[in-house]
Amino acid sequence: MKDASRNAELPIGIFDSGVGGLTVLSALRARLAGEHYIYLGDTARLPYGTKSPDTVIRYSAQASRRLVEQGVKLLVVACNTASAAALPDLRRLYSPLPVIGVVEPGAQAVCRLLAPKQGERHILVMGTESTIRGGAYTRAIRALRPDARITGLACSLLVPLAEEGWMDGPIVENVIRRYLEQLDGEAGRPLDCIVLGCTHFPPLAASIAAVAGPGIPMIDSAVTTAEAVEAELRKSGLLRPKNKEETGRPLRFLTTDAPERFARTGGLFLDIRLAPEEVELVVI
Ligand code: DGL
């Protein structure tokens, strides 16, 4: 592919199956305020997390292509499921465009948190069925912390709850309880850390803490992903400085279905008021 991406003025492309990746967009905007962003939520085909790897790869390639066609200087796969299943394919398909996923930054965040503590640590990774089945988090954490004891827990039903904007209350806590009850025996040993291994889960953190019990640190990949993006842009000389004069639109939202719904729940994730007219409907 021809490298049209070497222009600091181009936006950063970000995609997720739905609004979950907006948790990553928030961290990016907090860290890289001078950048422009174009976010695609593939809501027509959500959830990705219960699909087979082949389907996740196909959907991810199509979502990425839509962003690449718009002209982006870097692509963020703000979806753990897509990062776990499709990152090598996306890097190959869109080379030399830098493509950054969220699983490795998530593993780095865990290892940073646990760094001062010696000896075996028990880490619970909550993610979608596809992410947990593929074992990408276990591999990424073990590569940095070989002595880690890692338990994966597929919690796919939390995705539609978050898309519904249901972040707390008895129904949400009961669903979380039903999942956590599966951790018995060995896997039920005291936890040193919970990884929110799905970009839809950070807004549910308080509900997860209410069920899992107090004092267990929770980690997600948003901040470390933003750090990885900054490092990549700096390395390639593509960083757009904060004080640069504004040209064009700093933030664009694309969705593959129901812009008004995206605006409603997306606004909750971003903690801003998002009007349906600000969300463009696209076919991919
Ligand atoms: N937000 C996505 C993730 O981080 C997946 C949600 C879905 O199942 O579509 O895994």
Side-chain angles (χ1 to χ4, degrees), residues 13-28 39-64 75-87 90 99-107 109-110 124-138 140 152-167 172 175-176 179 194-205 208 218-226 228 253-258 261-262 265-266 268-270 284:
I14 307 167
F15 88 89
D16 179 39
S17 57
V19 293
L22 294 172
T23 53
V24 179
L25 175 64
S26 291
L28 282 164
Y39 182 96
L40 169 65
D42 188 11
T43 49
R45 302 187 295 187
L46 175 131
Y48 281 15
T50 51
K51 309 282 192 308
S52 68
D54 283 352
T55 299
V56 174
I57 291 171
R58 182 158 46 88
Y59 288 180
S60 303
Q62 290 165 349
S64 303
L75 182 67
V76 180
V77 184
C79 172
N80 290 268
T81 307
S83 299
L87 205 58
L90 299 178
V99 181
I100 294 190
V102 288
V103 171
E104 274 176 21
V110 174
L124 174 68
V125 180
M126 297 173 74
T128 65
E129 189 185 321
S130 174
T131 300
I132 300 304
R133 197 191 325 109
Y137 259 105
T138 303
L153 186 63
C155 308
S156 301
L157 196 52
L158 300 184
V159 174
L161 287 175
E163 282 283 329
E164 191 66 17
W166 292 11
M167 314 299 187
V172 175
V175 174
I176 293 167
Y179 282 126
I194 296 178
V195 181
L196 305 176
C198 171
T199 54
H200 280 78
F201 294 176
L204 300 166
I208 294 170
M218 286 194 210
I219 286 289
D220 68 69
S221 13
V223 168
T224 37
T225 300
F253 297 99
L254 312 180
T255 184
T256 53
D257 195 27
R261 186 178 167 85
F262 183 99
T265 42
L268 289 177
F269 270 69
L270 281 175
I284 63 175

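Every number for a ligand or one of its atoms is a count from 1 in the order of the listing.
Heavy-atom distances between Gly18 and ligand 1 stay at or above 4.0 Å for every pair.
Residue Thr81 has at least one heavy-atom neighbour below 4.0 Å for each of these atoms of ligand 1: 3 (C), 5 (C), 10 (O). Heavy-atom contacts of Val159 reach the following atoms of ligand 1: 6 (C), 7 (C), 8 (O) (cutoff under 4.0 Å). With ligand atoms numbered from 1 in the order given, ligand 1 contributes 7 (C), 8 (O), 9 (O) to contacts under 4.0 Å with heavy atoms of Tyr48. Ligand 1 places these atoms under 4.0 Å from at least one heavy atom of Gly49: 7 (C), 8 (O), 9 (O). Listed by number with element, the atoms of ligand 1 under 4.0 Å from a non-hydrogen atom of His200 are 1 (N), 2 (C), 6 (C).
For ligand 1, the polar-atom distance check against Thr128 finds no nitrogen or oxygen pair separated by under 3.5 Å. At least one N/O-N/O distance between Asp16 and ligand 1 falls below 3.5 Å. In terms of N/O distances under 3.5 Å, ligand 1 is not approached by Thr131. For ligand 1, none of its N or O atoms has an N or O atom of Pro47 under 3.5 Å away.
For the residue pair Thr81 and Ser130, no side-chain donor N or O sits within less than 3.5 Å of a side-chain acceptor on the partner.
Only the side chain of Ser17 comes within contact range of ligand 1, with a heavy atom under 4.0 Å; no backbone atom does.
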What's the verdict on side-chain hydrogen bond (donor to acceptor under 3.5 Å, both in side chains) for Ser156 and Thr50, showing C-alpha distance, side-chain angles and the deciding distance?
-> CA-CA 7 Å; Ser156 301; Thr50 51; over 6 Å; no
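Between His200 and Phe269, the ring-plane angle classifies as perpendicular under the 30° and 60° cut-offs.
Ser221 contributes a side-chain N or O that, together with a main-chain N or O of Val102, makes up a donor-acceptor pair within less than 3.5 Å.
Residues Leu25 and Phe253 have side chains in contact (heavy-atom distance under 4.5 Å, counting atoms from C-beta outward). With contacts defined as side-chain heavy-atom distances shorter than 4.5 Å, the pair Thr256/Leu40 qualifies.
Among Asp257, Thr265, Thr255, the one residue that satisfies the side-chain hydrogen bond (donor to acceptor under 3.5 Å, both in side chains) test with Thr43 is Thr255.
The distance from atom CG of Leu158 to atom OH of Tyr179, rounded to the nearest 0.5 Å, is 5.5 Å.
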